[in-house]
Amino acid sequence: MKVTVFGTGYVGLVTGACLAEVGHSVMCVDVDESKIENLKNGQIPIYEPGLESIVKSNFSEGRLKFTTNAEEAVAFGTVQFIAVGTPPDEDGSADLRYVLKVAETIGQYLNHEAVVVTKSTVPVGTSDKVRAQLDSVFSTRDVSVPYHVASNPEFLKEGAAVSDFLKPDRIIVGTNSSFVESAMQELYAPFNRNHDRLMFMDVRSAELTKYAANAMLATKISFINEVANIAEYVGADIEQVRQGIGSDPRIGYQFIYPGCGYGGSCFPKDVKALVSTAKRVGYQPELLEAVESVNGRQKERLFDKVNNYFNGDLKGRTFAIWGLAFKPKTDDMREASSRVLMEALWQAGATVKAYDPEAMQETQRIYGSREDLQLMGTKEACLSNADALIICTEWKAFWAPDFEFIKSSLNEPLIVDGRNMYNPFRLEEMGLKYIGIGRSN
Ligand SMILES: NC(=O)C1=CN([C@@H]2O[C@H](COP(=O)(O)OP(=O)(O)OC[C@H]3O[C@@H](n4cnc5c(N)ncnc54)[C@H](O)[C@@H]3O)[C@@H](O)[C@H]2O)C=CC1
Ligand SMILES: O=C(O)[C@H]1O[C@H](OP(=O)(O)OP(=O)(O)OC[C@H]2O[C@@H](n3ccc(=O)[nH]c3=O)[C@H](O)[C@@H]2O)[C@H](O)[C@@H](O)[C@@H]1O
């Protein structure tokens with residue numbers, strides 16, 4: 001099938017590359033000229049395992065094309081995906097300007113029957129707005145083009161985006177049109193061979209499903225973080241509690257890892273957007289508001305722990321930070337907990353020596369050059385002259401470090417572990433002081 005994808009960010013580029021990988025003909029279009037130029041030259045704008053090789057191979061074999069020419073892109077696809085950003089507005093609601101701009105562009109140039117599919121995460125009712133936008137542009141052109149609108153939210157995770165897309169748990173399609181159903185059946189047939197992953201539903205339910213999924217996962221994380229904080233007060237160990245509850249299949253082990261708060265481009269913004277949607281229709285979403293505020297507080301806990309340990313005397317101290325990205329296997333720093341920590345440390349007059357396997361460039365781009373931030377080439381290089389080691393992201397390379405080296409390098413043998421990577425008792429036996437999240441030591 002011929003597919004056009006608007007937006008070459010995490011979702012657009014992965015969607016385009018994976019659809020090309022299974023044999024479809026895909027044209028990706030973006031307004032960012034340098035991004036498109038780089039993609040044509042084989043330079044991938046983001047770090048995502050497995051993405052570079054499928055982009056390069058499908059591009060060189062001609063199944064994946066990149067352009068900034070919207071007219072050419074609209075003329076191309078039978079399916080037109082909208083995969084542009086939906087950042088939070090000032091009041092937390094999703095800003096739909098980029099989505100509606102794409103709908104306007106499609107309206108300007110579409111002359112053949114096509115399915116316009118919203119893949120961006122958008123509030124309930126957005127498909128109606130996309131349809132209204134298309135109709136309004138068609139009326140100015142005085143043409144009648146048969147088109148269909150559908151919702152097909154994306155559930156991939158950063159760091160596992162390609163494998164999530166190629167092996168989806170489910171493919172949600174919101175539509176009331178049989179044309180769309182058969183187009184989507186054809187498009188997703190390669191992902192649907194042994195198990196029927198496609199779930200058709202009405203458009204509004206599909207739009208809400210996306211927010212409900214992210215809000216549920218965010219709720220699990222805030223729940224375990226809340227219990228972790230209680231564990232600290234009552235002398236329990238959250239890691240034992242986590243395993244104790246995770247073994248109940250009704251609860252499960254996934255998404256109950258305590259930590260220094262959830263980040264990324266989606267949970268924070270999507271919980272806020274669902275709160276905003278609920279309030280707009282007159283419903284008070286108490287649970288969702290609590291999920292958000294528990295998370296905000298959790299992101300401050302690493303700083304609070306360090307500050308308490310040093311009795312508020314942080315001025316002039318240096319801290320080693322391992323892990324800057326909002327989660328492992330990505331270079332994405334959006335809403336990363338490390339940012340809240342670093343900014344609080346700087347505010348208190350401390351210096352940060354930091355290392356991340358992939359997010360160093362992105363950190364540099366965000367914060368520029370400043371005296372109180374030293375980006376180091378290795379995790380070991382952060383440790384000398386540092387008053388403590390603080391873990392923000394659980395990269396694999398941090399799981400089994402040389403603890404003796406850490407102890408001998410730090411001014412103070414203290415590890416503040418925002419992801420509960422280490423065994424407190426073992427570290428204490430080795431003479432290291434350990435502070436985790438919800439640990440009883
Ligand atoms: N990042 C993720 O892991 C996931 C994101 N989503 C949702 O997917 C949507 C996109 O997210 P990301 O890919 O992270 O965004 P992103 O910010 O990485 O990429 C968006 C891209 O759209 C381009 N763009 C903006 N206006 C355009 C236009 N008029 N025509 C063509 N391109 C245009 C931008 O230049 C940018 O390259 C959001 O709604 C997000 O909530 C859904 C699931 C996972
Ligand atoms: O809509 C989206 O953009 C995506 O949002 C999340 O994916 P993502 O944000 O990429 O990453 P996650 O693995 O969900 O992690 C999000 C945050 O939660 C934190 N987390 C996750 C799991 C856990 O048990 N504890 C925990 O603190 C992570 O450290 C990270 O900061 C969802 O998992 C995807 O299904 C969804 O498509």
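Because the structure is a prediction, the values reported are computed rather than measured. Ligands are counted one by one from 1 in listed order, and the atoms in each one are counted from 1 as well.
Looking at ligand 1, you won't find any N or O of Lys119 less than 3.5 Å from one of its N or O atoms. Between Ser265 and ligand 2, no N or O atom pair is found at a separation short of 3.5 Å. Considering both main-chain and side-chain atoms, Asp32 never comes within under 3.5 Å of ligand 1 through any nitrogen or oxygen pair. On a distance-only criterion, Gly264 and ligand 2 share no N/O pair closer than 3.5 Å. The N/O atoms of Lys269, backbone and side chain alike, include one that comes under 3.5 Å of an N/O atom in ligand 1.
Aromatic ring centres of Phe59 and Phe66: separated by under 6.0 Å. The ring of Trp322 has its center no closer than 6.0 angstrom to the ring center of Tyr355.
In this structure, Ile221 counts as a contact residue of ligand 2, since one of its heavy atoms falls inside 4.0 Å of the ligand.
Contacts with ligand 1 closer than 4.0 Å are made by no heavy atom of Ala161, backbone or side chain. Heavy atoms of Ile256 found under 4.0 angstrom from ligand 2 belong exclusively to the backbone. Heavy atoms of Thr330 found under 4.0 angstrom from ligand 2: none, in either backbone or side chain. At a 4.0 Å heavy-atom cut-off, ligand 2 touches Glu158 through backbone and side chain alike.
Here the shortest heavy-atom distance to atom 32 (C) of ligand 2, taken over Phe326, Phe155, Phe267, belongs to Phe267. The option with the heavy atom closest to atom 7 (O) of ligand 2, from among Arg419, Lys157, Glu394, Lys329, is Lys157.
The atoms of ligand 2 that sit less than 4.0 Å from any heavy atom of Lys210 are 1 (O), 2 (C), 36 (C), 37 (O). Of all atoms in ligand 2, listed by their number and element, those nearer than 4.0 Å to a heavy atom of Glu154 are 37 (O). With ligand atoms numbered from 1 in the order given, ligand 2 contributes 1 (O), 2 (C), 3 (O), 5 (O) to contacts under 4.0 Å with heavy atoms of Cys266. Here is the list of ligand 2 atoms found below 4.0 Å of a heavy atom in Asn214: 1 (O), 2 (C), 5 (O), 32 (C), 36 (C).
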